[in-house]
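To find a chain, count down the sequence lines: A is the first, B the second, and so on, and within it residues start at 1.
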2 protein chains.
Amino acid sequence: MNVDALPLLATSSCCQPLDRAGLTDKDAETTAAIFKALSEPARVTIVNLLARSPEPVCVCELTPALRLSQPTVSHHLKKLVDAGLLHREQRGVWAFYTLDREALDRAAGILQLEGVRT
Amino acid sequence: MNVDALPLLATSSCCQPLDRAGLTDKDAETTAAIFKALSEPARVTIVNLLARSPEPVCVCELTPALRLSQPTVSHHLKKLVDAGLLHREQRGVWAFYTLDREALDRAAGILQLEGVRT
DNA sequence: GACAGATATCGACGTTTGTCGATACGCTTC
DNA sequence: GAAGCGTATCGACAAACGTCGATATCTGTC
């Protein structure tokens with residue numbers, strides 16, 4: 001199986017807590033790439049808009065909300081899809097995007113350490 | 001109170017779930033900045049090393065582990081401190097760093113949506 | 001107070017990234 | 001199949017970033 005072809009958040013080693021032992025260079029790279037997807041204000045806003053909608057959201061609705069050009073919005077959407085956080089769905093000429101809430105959950109899991117808390 | 005002078009993860013509006021309404025441009029910027037701190041493999045490795053240690057860790061221990069130059073490691077540590085994820089402690093000539101586990105928890109909270117799950 | 005060692009800051013460099021205009025692609029309709 | 005529309009890709013550019021060598025700063029020691 002070609003892991004590199006999958007969205008980051010679908011790979012097997014992507015979502016282990018940050019306090020696990022034996023973190024390889026590749027693991028660190030994968031984890032960093034996931035958070036890099038969320039490291040731009042425009043992409044945070046996209047996730048926010050999708051998180052608040054129970055239905056898939058059209059690009060034609062995202063573009064004016066972000067006040068960015070259409071190619072730039074498309075660029076950010078691709079980054080989020082590549083990271084595994086969003087799903088794309090074609091409806092006629094329109095493209096609709098959905099937030100993968102489970103993927104977001106798994107990303108949160110990376111930040112939840114296993115150690116006993118006081 | 002000058003919020004800008006505080007570590008990101010200590011500001012009041014930093015850690016609200018990503019599905020809340022009324023996300024401003026500034027909120028998106030703050031949230032993105034937090035994840036940007038975790039968007040580099042070297043910094044992920046630093047957090048991993050600190051998460052696995054119950055004691056503060058010396059820079060002199062981090063530098064060889066990261067296989068990066070001392071100025072570069074210092075640079076990454078500063079980024080993580082500025083984000084509010086790490087604390088710095090001076091012990092003689094040595095600098096020790098500690099992971100702020102509560103800050104990491106709050107960062108995880110951003111990714112945990114409040115909506116009812118199916 | 002001069003010295004030695006650990007860490008932070010500075011300056012410079014190449015790479016990556018966000019942004020946009022222009023253009024290509026895919027779908028629907030006539 | 002031609003035209004129109006929504007979206008993705010391409011090419012270019014400026015800004016941001018990671019990296020390192022050189023240097024400054026701070027601390028403890030003699």
Toward the 5' end of DNA chain C, by each residue's nearest nucleotide, A/Leu68 or A/Gly92: A/Leu68
Distance, nearest 0.5 Å, that separates CG of A/Leu23 from OG1 of A/Thr31: 6.0 Å
Less than 4.0 angstrom from a charged side-chain N to a carboxylate O is my criterion; do B/Asp19 and A/Arg101 meet it? no
Here the pair of heavy atoms bringing B/Leu18 nearest to A/Asn48 is O-ND2, 2.8 Å
Is the phosphate of [N] approached by [X] (side-chain N or O, under 4.0 Å from OP1 or OP2)?
{"X": "B/His75", "N": "D/dC20", "result": "no"}
{"X": "B/Lys36", "N": "D/dA16", "result": "no"}
{"X": "A/Arg88", "N": "D/dT7", "result": "no"}
{"X": "A/Thr72", "N": "C/dG18", "result": "no"}
{"X": "B/Ser74", "N": "C/dT7", "result": "no"}
{"X": "A/Arg91", "N": "C/dC27", "result": "no"}
{"X": "B/Lys79", "N": "D/dG18", "result": "yes"}

[X] side chain, from C-beta outward: closest of [options]:
{"X": "B/Glu40", "options": "D/dG18, D/dC20, C/dA8", "answer": "D/dG18"}
{"X": "B/Pro71", "options": "D/dA8, D/dT19, C/dT9", "answer": "C/dT9"}
{"X": "B/Lys78", "options": "C/dT9, C/dC20, D/dT19", "answer": "C/dT9"}
{"X": "A/Val93", "options": "C/dC27, D/dC20, C/dT7", "answer": "C/dC27"}
{"X": "B/Ser69", "options": "D/dC20, D/dT7, C/dA8", "answer": "D/dC20"}

B/Ser39 side chain to B/Lys36 backbone, donor-acceptor under 3.5 Å: yes
Polar side-chain contact B/Gln70-C/dA6 base: donor and acceptor under 3.5 Å: no
Interatomic distance, B/Trp94 CH2 vs C/dA4 P [rounded to whole Å]: 17 Å
Using a heavy-atom cut-off of 4.0 Å across all strands, would you classify A/Phe96 as base, sugar-phosphate, or nothing? nothing
Looking only at side-chain N and O atoms, does A/Thr24 offer a donor or acceptor that is under 3.5 Å from a partner on A/Asp27? yes
